[in-house]
Structure formats: C-alpha cells, structure tokens
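This report refers to the structure that appears directly beneath it.
Naming convention: chains lettered A, B, ... in sequence-line order (proteins, then strands); numbering from 1 in each chain.
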Amino acid sequence: MCGRYSVTHEDWSILDSWGIEVVREDSFAFSARYNMAPTQQAPVLYTTALKSPVSLGLFTWGLLPDTAYATINARAETLAQRPTFRPLLRNHRCLIPADGFYEWGKGRSPKVPHYIHMQNSAPFLMAGLHTRRTHPKTGAILRTFTIITTAANELMKNIPHDRMPAILDQATARHWLDPSTGVADALSLLQPYPAQMMQAHLVSAAVNNWRHDTPDCILPAERNT
DNA sequence: CCAGACGTTGTT
DNA sequence: GTCTGG
DNA sequence: CCAGACGTTGTT
DNA sequence: GTCTGG
C-alpha cells in the first residue's frame, strides 16, 4: 500500500523530456512536502478531453465517488471489476508526482517506517484515478484522487511489504495520460517497477506523525526501537 | 421498465 | 456505471 | 498510512 | 476495538 509519500521537487519541467508538456492551473500553488498524508491536497497531473498539454492541479488524496466513502488506494489487479473505479478508467486516469514514499514493515512491533525512492533520487510518477464531486450543500467542487497499487517487487518484499504504488516510467507515463489509450492498454501499464532502479532505507519514527513534515523525514535512521 | 443500491485496501 | 429488485 | 478520540441527560 | 481526521 501507499499511505504516505514525499513531493519535494517543485520544478517538473523534466517531464518535457518525457514527452509530457505540463501546464499549471492558474491557481496552482505548492511547496515541498516530506510527509504527504491522506485527506491532504497534492499535485496531480491529468488530461481533459484533448491530449496535450497536461494540467497540473491540486487534488485531495482519497477518492470520493458519489456513492461511497473515500479510498486512498486501488488495486491494479481488480480495478476493472470495481464499480467505483471501472467508470473512471477511460477518462479519469491521472499521475501523481512524487520522489519517494513510506512503507511500514509488517510483522514487527512497533512497525518500522522505511523510505523508498529511486537510486538516483529522480522524481517519479504514480498511476492514479481522479474524480470530481459537487458538495450537495455548498456546491463546491471537490476533486479527489486515489493511488493505484500493484504487487511488491523484490525490494519491497525485503522490507517486508506486499504492495507498492504503480510507478510509470518515461516510456509509459504519457500513454497512461493519453485519452486515446484504450482501457486494456492502460491497464497493461500497471506493473511493479524494477527493484534494481530503487532503494530503501530506515527512517525515524517521527514520520509516523503526519504533522512532522520536514526534510529530516527522509533521512536514513538507525534501527533503535 | 425505473428505482435504488452498490461501493476499498491492507493488516492482524 | 451497472446490477438487483419490484 | 498513523494519531487520536471515543462519552449522557436534562436543563439553562 | 473502531472510527474519524489529517
């Protein structure tokens, strides 16, 4: 699962070289986050009916459909069978910029938080779905998203953890966003990211508290509990 | 036929 | 959006 | 994901 | 233990 992550890059012009032209919404404002948590506002890349450019806007983490409670993750394997997610697969795919995420190793008590990131510290994109819902009373439009998870790669299994976010690379990211990509093709892009490209290390349990959102969240820590 | 319900993930 | 219930 | 709260009645 | 909140 992916229930906490970091977004410290504020410049996403690197995506130009990925073939993704990003345009920020007028109201887009964001500064580095080291401990992004569910229910908070996070940057999301999405497309509308037409292809490029891709928009960058703030969405609330936790997909809130018209008739269900919020979900922060969606399993790639069963996406097409879930009533909540299936309608969103064709026109509501999105990508969530990140540069690392946290997982708490299972089995140990207390659970030990790990930070997982690319070996070269490069930013990456997680696959997601988004939706839009009008508040029944205020009429305000609430935009929410969920992060798609897939099977763990070897790096994640060592933590140990069974799931990881579906990360898309340079070759597949723009296909996921492209409205002309069919549902079956889009689903085929959701695979575990190669473990050899990634790295993980222990971090301080201070990250457990979402209020702790500072650069030291991602620093390596000794096992001392 | 329409009305109304349905609805997630991951962990122990 | 789709399935179930009447 | 973890942290933190979680509780009643009647009366003003 | 379970639900809510961020």
Side-chain angles (χ1 to χ4, degrees), chain A residues 1-7 30-44 58-94 96 98-117 126-136 142-153 156-157 159-167 182-184 186-187 190 192 200 202-214 216-218 221 225:
Chain A
M1 165 174 235
C2 181
R4 218 71 82 75
Y5 66 97
S6 68
V7 213
F30 182 75
S31 54
R33 293 292 310 276
Y34 296 86
N35 200 353
M36 183 70 77
T39 73
Q40 297 180 339
Q41 299 264 110
V44 168
L58 290 175
F59 287 60
T60 301
W61 186 7
L63 186 89
L64 190 61
D66 287 334
T67 58
Y69 38 83
T71 54
I72 66 171
N73 292 127
R75 294 177 67 94
E77 298 90 331
T78 53
L79 220 43
Q81 300 152 26
R82 292 283 176 270
T84 299
F85 304 133
R86 188 138 91 103
L88 303 176
L89 273 173
R90 179 162 294 282
N91 288 314
H92 294 268
R93 301 189 294 257
C94 64
I96 299 96
D99 37 48
F101 59 93
Y102 301 96
E103 299 285 8
W104 283 257
K106 66 172 183 179
R108 271 184 260 281
S109 185
K111 291 198 267 187
V112 185
H114 296 247
Y115 184 63
I116 300 98
H117 58 101
M126 302 184 286
L129 297 173
H130 70 89
T131 193
R132 187 180 280 262
R133 174 168 166 177
T134 306
H135 192 285
L142 182 64
R143 302 189 301 178
T144 59
F145 73 95
T146 188
I147 297 174
I148 298 172
T149 63
T150 186
N153 62 21
M156 299 301 302
K157 287 177 186 170
I159 286 181
H161 204 83
D162 294 338
R163 307 291 299 172
M164 67 183 290
I167 297 172
V183 170
L187 287 172
L190 305 173
L202 291 167
V203 292
S204 162
V207 77
N208 289 8
N209 194 322
W210 55 266
R211 277 174 284 238
H212 192 82
D213 186 6
T214 49
D216 60 304
C217 285
I218 68 174
T225 45

[X] side chain N/O closer than 4.0 Å to the phosphate oxygens (OP1, OP2) of [N]?
| X | N | result |
| --- | --- | --- |
| Asn208(A) | dA3(D) | yes |
| Thr84(A) | dC6(B) | no |
| Arg211(A) | dG5(E) | no |
| Arg82(A) | dG1(C) | no |
| Arg163(A) | dT9(B) | no |
| Arg86(A) | dG1(C) | no |
| His161(A) | dT11(B) | yes |

Please classify the nucleic acid contact of [X] as base, sugar-phosphate, or nothing, using heavy-atom distances under 4.0 Å.
| X | value |
| --- | --- |
| Arg4(A) | base |
| Trp104(A) | sugar-phosphate |
| Tyr5(A) | nothing |
| Ala74(A) | sugar-phosphate |

Residue list, side-chain contact (heavy atoms from CB on, under 4.5 Å) with Gln40(A), at least two apart or on another chain: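 Testing Gln40(A) for side-chain contact (heavy atoms from CB on, under 4.5 Å), a comparison that skips the adjacent residues, returns Arg33(A), Met36(A), Ala37(A), Trp210(A).
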Between [atom2] of [N] and [atom1] of [X], the distance in whole Å:
| X | N | atom1 | atom2 | result |
| --- | --- | --- | --- | --- |
| Leu79(A) | dT9(B) | CG | C1' | 13 Å |
| Gln41(A) | dG6(E) | CD | P | 13 Å |
| Asn35(A) | dG5(E) | CG | P | 20 Å |
| Arg33(A) | dG6(E) | CZ | C1' | 9 Å |
| Ile72(A) | dG10(B) | CD1 | C1' | 9 Å |
| Leu88(A) | dC6(B) | CG | P | 19 Å |
| Met156(A) | dG10(B) | CE | C1' | 13 Å |
| Ile218(A) | dC1(D) | CD1 | C1' | 18 Å |

Polar side-chain atom of Asn153(A) near backbone of Pro192(A) as donor-acceptor pair, under 3.5 Å: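 No, because the side chain of Asn153(A) does not come within donor-acceptor range (under 3.5 Å) of the backbone of Pro192(A).
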What interatomic distance, in whole Å, is found between [atom1] of [M] and the corresponding atom of [N]?
| N | M | atom1 | result |
| --- | --- | --- | --- |
| dT9(D) | dT2(E) | P | 23 Å |
| dG7(D) | dA5(B) | C1' | 33 Å |
| dC2(D) | dG10(B) | C1' | 14 Å |

dA3(B): pairing nucleotide in any strand, Watson-Crick or G-U under 3.5 angstrom: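 Paired with dA3(B), as far as the under-3.5 Å criterion goes, is dT4(C).
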Starting the side chain at C-beta, find the nucleotide from [options] nearest to [X].
| X | options | answer |
| --- | --- | --- |
| Thr149(A) | dT9(B), dT11(B), dA3(D) | dT9(B) |
| Asp162(A) | dT9(B), dG6(E), dT11(B) | dT11(B) |
| Lys111(A) | dG6(E), dT11(B), dG10(B) | dT11(B) |
| Pro38(A) | dG10(B), dT11(B), dC1(D) | dC1(D) |

Rounded distance [0.5 Å steps], OH in Tyr115(A) versus CG in Asp99(A):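 Spacing of OH (Tyr115(A)) from CG (Asp99(A)) equals 4.5 Å.
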List the atom of [X], the atom of [Y], and the distance in Å for their closest heavy-atom pair.
| X | Y | value |
| --- | --- | --- |
| Ala74(A) | Leu79(A) | CB-CD1, 3.6 Å |
| Ile159(A) | Ala200(A) | CD1-CB, 4.5 Å |
| Ile96(A) | Tyr5(A) | CG2-OH, 3.3 Å |
| Ala186(A) | Arg93(A) | CB-NH1, 3.6 Å |

